[in-house]
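I have placed the structure first, in the form of structure tokens, so that the comments after it can refer back to it.
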Amino acid sequence: MSNEHDVEATTEADDSDELAPREAARLLARAEREARRQFDPSPPWITAFGGGVILVAYGALWLSVRGQHPYSGPSLGVVALVYAAVAVSIAVSAKVYRRATLGVEGPSVRQQRREGVAILASLVLGSPVLQGALYHYGAGDAIVYGVIPAAAPLIVVGTTVMGIAASKADRPQFSAALAVVAGGVVAAFAGPSGAWLAAGISLFVGVLVYALARARSQRAQAAKIRHGPT
Amino acid sequence: MDPLDQVIHAPARLRIVATLAALPAGETLSFTRLQEILELTPGNLITHLRRLEEARYTQSEKNGNGTASCTSVALTPQGRAALNTYTDTLRELLGAL
């Protein structure tokens with residue numbers, strides 16, 4: 001009872017505190033900024049981190065196959081390193097996503113989960129299925145372990161993300177996905193070792209451009225709150 | 001110039017409304033996460049939410065029973081509109097200063 005009395009007293013004190021308009025504007029801007037930071041499932045820094053992982057992984061793959069005659073594919077050690085780097089990147093992203101959506105429920109969270117499943121399915125199924133089919137029909141190592149694993153994920157996952165971005169009218173995401181798909185097309189014709197280089201560069205550029213666009217859009221939103229719509 | 005909405009114009013309630021408004025319309029936030037973000041005591045948060053609910057700016061829903069129960073809070077369309085009006089009024093006031 002006394003606890004409830006204290007709470008009422010605190011609330012009354014909060015109400016009677018003279019809050020100057022300038023102080024209220026500062027408080028509002030700070031609360032909005034903090035809330036956006038708390039609820040952001042993929043902050044720009046995590047996207048940039050993913051870009052760094054991509055650059056290292058594809059760079060290692062390209063270095064391991066550069067100058068191979070005949071082409072035999074990346075070494076098992078490099079493939080293991082790449083899988084480990086991708087697993088770390090996915091684990092960090094998943095942790096940030098879980099933290100951002102903790103306690104949040106509703107249609108947009110369910111939509112994000114469905115989008116995640118679609119992207120994961122295209123990533124896991126797209127390239128391995130094509131590689132398996134091509135291997136089955138006797139395609140050479142340059143195709144099965146070179147061109148397809150380098151180019152196909154970019155084209156398959158990129159078009160999936162393009163569809164998702166188009167449905168949300170998310171221009172930065174759509175443009176980044178389009179750049180990645182274009183990179184995948186270039187990689188498909190860059191030869192088995194050149195494919196890894198082309199794929200790595202286009203994926204890195206696409207992800208970095210997206211991270212910068214997100215950071216810019218967040219700064220613009222904050223400015224809009226401070227100064228009003230223009 | 002309209003006066004500032006006194007239901008929102010209190011530090012704790014301003015932060016509650018701004019935090020809930022950062023979620024897309026139709027989303028709910030658990031009471032515990034809201035409390036964690038705002039660093040308010042449960043009693044204090046309940047009292048401020050009660051005031052906002054009386055003005056129909058927020059709505060709370062209790063899901064489940066007993067220890068597994070969880071209260072979720074959401075900003076109503078009226079609450080979102082009130083925050084927009086409050087922000088506009090604040091801008092006018094600051095522009096006039």
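Note that the structure is a prediction, hence the values are computed from the model and not measured. In the text below, chain A, chain B and the rest are named by the order of the sequence lines, each starting its count at 1.
At a 4.5 Å heavy-atom cutoff, the contact between B/L29 and chain A is made by backbone and side-chain atoms alike. When heavy atoms are compared at a cutoff of 4.5 Å, B/S72 does not approach chain A at all. At a 4.5 Å heavy-atom cutoff, B/F31 makes no contact with chain A through either its backbone or its side chain. For A/R99, the parts lying near chain B are the backbone and the side chain together; criterion is any non-hydrogen pair under 4.5 Å.
Heavy-atom contacts from other residues, nucleotides or ligands closer than 6.0 Å to CZ of A/R216 number 12 or fewer. Surrounding NZ of A/K95 are at most 12 heavy atoms belonging to other residues, nucleotides or ligands under 6.0 Å away.
To the nearest 0.5 angstrom, B/L90 atom CG is 11.0 Å from A/R26 atom CZ. To the nearest 0.5 angstrom, B/I37 atom CD1 is 3.5 Å from A/F39 atom CZ. For the atom pair B/T19 OG1 and A/E32 CD, the distance stands at 9.0 Å (nearest 0.5 Å). Rounding to the nearest 0.5 angstrom, the gap separating the CG atom in B/L4 from the CG atom in A/L19 is 8.5 Å.
A donor atom on one side chain and an acceptor atom on the other are found under 3.5 Å apart for A/S108 and B/E27.
Side-chain contact between B/L83 and A/L28: present, with at least one pair of heavy atoms (C-beta onward) separated by less than 4.5 Å.
Pairing each heavy atom of B/L94 with each of A/A25, the nearest pair is CD1-CB, 3.5 Å.
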Verdict with reasoning, B/R33 to A/Q38, per side-chain contact (heavy atoms from CB on, under 4.5 Å): CA-CA 10 Å; B/R33 179 85 196 276; A/Q38 289 274 350; 2.9 Å; yes
